[in-house]
S.K.: 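Right, I'll just put the structure down here and ask away after.
Residue numbers start from 1 in every chain, and the chains themselves are labelled A, B, ... in the order their sequence lines are given, proteins ahead of strands. Bear in mind that the values here come from a model prediction, so they are computed numbers and not experimental data.
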Amino acid sequence: MSEAIKSLRSRQNALADSFFQLEVLSKTTHSHDDQASFASKLRMSNLFPLKPTGIEIFQINVGKMCNQVCKHCHVDAGPDRKEIMSRETMKLCLEGIKKTGAHTVDLTGGAPEMNPDFRWFVEEISKLGVEKIIVRCNLTIILANKKYHNLPEFFKTHRIEVVSSLPYFNAIRTDAQRGDGVFEKSIKALQMLNEVGYGKSDTGLILNLVYNPSGAFLPPSQSALEVEFKNKLKSNYNVDFNSLFSITNLPISRFLEYLIDSNNYDAYMAKLIEAYNPSAAANVMCRNTISIGWDGWIYDCDFNQMLDLKVNTKHNHLSDFVNEELLNRSIVINQHCYGCTAGAGSSCGGTIS
Amino acid sequence: MKTYYNPEDLKKFGNIAEFEKNLANKFFSYYGEVFKDGALTAREKSLIALAVAHAIQCPYCIDAYSVDALEKGCDEAQMMEAVHVTAAIRGGASLVHGVQMMNKVKELTM
């Protein structure tokens, strides 16, 4: 049985402070070695400074509140986190989506559904006519309270693409990372999504799963693991889904805490650095994505957001941003970026090379 | 404390080329080919390697293929079953020789 954990913030852990996290990342043996700095690797790949290729994906973190407290969470989310996007900021997001012309809106959290204005926001985004709306649903929220039981129907109404974490097709691995009982509830939620047509081949209702390692190792080949997941989930639980995204854990927040506490930090960083892949670096998600925080600040990605590394532009809030500035910015990088360039690469949409 | 095995030496495996480059290159090239997806998946090969590592009781190989099996998507139960395959074959290999012992005993006794 995995022990119940609380957010770094509620435990007043030093790692709750993003400055301290950056200090830890900068003080590793590897970052003292210039050859091992992420900037130098990008320079060798002719990618420095890292520039955007456009703004295709508008990712919005609508709040850090969550019904789960996963051991590896890069957001340090949990029930105690009260940072929630207001309707006013959501209105700024709607303007921002129009202004950037992004074709995909990606809603994340915390558990985004816990934001009291979540459904209103989805309805308003739907009216904009973007190509795709993604909701990163943690599955257990669907069962957490009666008011969430009809989320599958709501998602269906708005043709939402549902992306959900399931770190393994058994309870031991899943619960070790996401909390006791999470696997069983997740399977039930997946069955509820299947019931309304999600993950079924002829409906066009997309249900994608996310695998990330339950420990200090790199993820397997996405395609091979997808076959394994499909077989096991179908035969054991009669669950269908569309694609599996394989994601690497980045060394920040609660996963950073785990790495340090388990004495895996140095070896994990060395592994990420050794596995640097230039073709993954060329396709990192920050090149076509912007990430919006609950309070309207703009970041290059959700990880930079959690490290409070705002976009490097004069106007970096939704209330006054300038498209041209965003398109010409240099993306803010640090040692954690190695997590997105290791092996087959990693993004919110899985591998990238 | 000095020991014959040092975990850091695993990372230096490639250094064997220092004394004999040609054969090392051939070996590593062959090694890489062996572990690619083929008639068996890379994942299945990783589990076989883990089982063999236990049969030959090579600490470097156990270290390397515990990590590799995790990174190929194997779980604890699958990895332990692979080790039981090692144990079954090794134990069976001893026990099947019991027949030889029995043959000899029967040959010599009334």
Side-chain angles (χ1 to χ4, degrees), chain A residues 2 29-30 166-177 183 209-233 236 244-249 262-264 266-275 277 339 342-346 350-351, chain B residues 1 3 5-18 24 28-29 31-51 53-54 58-85:
Chain A
S2 63
T29 1
H30 314 294
L166 191 71
Y168 213 65
F169 42 75
N170 68 27
I172 297 172
R173 280 274 184 89
T174 304
D175 291 1
Q177 183 187 91
F183 181 75
L209 296 183
V210 172
Y211 163 93
N212 62 298
S214 304
F217 54 95
L218 296 181
S221 143
Q222 183 168 284
S223 53
L225 195 64
E226 182 181 290
V227 173
E228 183 86 357
F229 261 67
K230 285 201 167 174
N231 288 340
K232 297 279 186 188
L233 290 180
N236 295 345
L244 182 77
F245 299 154
S246 187
I247 294 186
T248 304
N249 290 316
S262 62
N263 292 320
N264 277 308
D266 283 333
Y268 189 74
M269 285 307 292
K271 187 185 274 275
L272 293 182
I273 293 169
E274 196 184 343
N277 175 355
S346 181
T351 55
Chain B
M1 190 180 76
T3 61
Y5 287 113
N6 181 351
E8 291 303 308
D9 286 347
L10 176 58
K11 294 176 199 155
K12 301 174 191 163
F13 190 8
N15 295 358
I16 63 159
E18 204 179 299
F28 286 119
S29 160
Y31 195 103
E33 283 297 315
V34 165
F35 281 96
K36 282 182 181 167
D37 275 318
L40 293 171
T41 64
R43 189 177 155 282
E44 288 164 338
K45 289 177 185 180
S46 185
L47 284 170
I48 293 170
L50 184 68
H54 282 78
C58 165
Y60 299 124
C61 313
I62 293 172
D63 185 336
Y65 281 92
S66 298
V67 177
D68 190 70
L70 284 171
E71 293 186 345
K72 293 285 189 299
C74 303
D75 70 7
E76 289 83 342
Q78 292 164 339
M79 290 162 71
M80 189 53 87
E81 281 187 23
V83 176
H84 278 290
V85 170

S.K.: Looking at B:E76 and A:R173, is there a salt bridge between them, counting it only when a charged N and a carboxylate O are closer than 4.0 Å?
M.R.: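 Yes, this pair counts.
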
S.K.: What heavy-atom pair brings B:Q78 and B:L47 nearest, and what distance separates the two atoms?
M.R.: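 Where B:Q78 meets B:L47 most closely, the heavy atoms are O-CD2, 4.0 Å.
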
S.K.: Any idea which of A:S214, A:P219, A:P220 has the most non-hydrogen atom pairs under 4.5 angstrom with chain B?
M.R.: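 Maximum pair count with chain B is reached by A:P220.
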
S.K.: Between B:L70 and B:M79, what is the shortest heavy-atom contact and its length?
M.R.: CD2-SD, 4.2 Å

S.K.: Check this for me, if you would: do A:E274 and B:K11 make a salt bridge, where the nitrogen-to-carboxylate-oxygen distance has to be below 4.0 angstrom?
M.R.: no

S.K.: Let me know if A:Y168 has heavy atoms under 4.5 Å from chain B in its side chain, its backbone, both or neither.
M.R.: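 Side chain only.
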
S.K.: If you count heavy-atom pairs under 4.5 Å between each of A:L218, A:N170, A:L225 and chain B, which one has the most?
M.R.: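 Heavy-atom pair counts peak at A:L218.
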
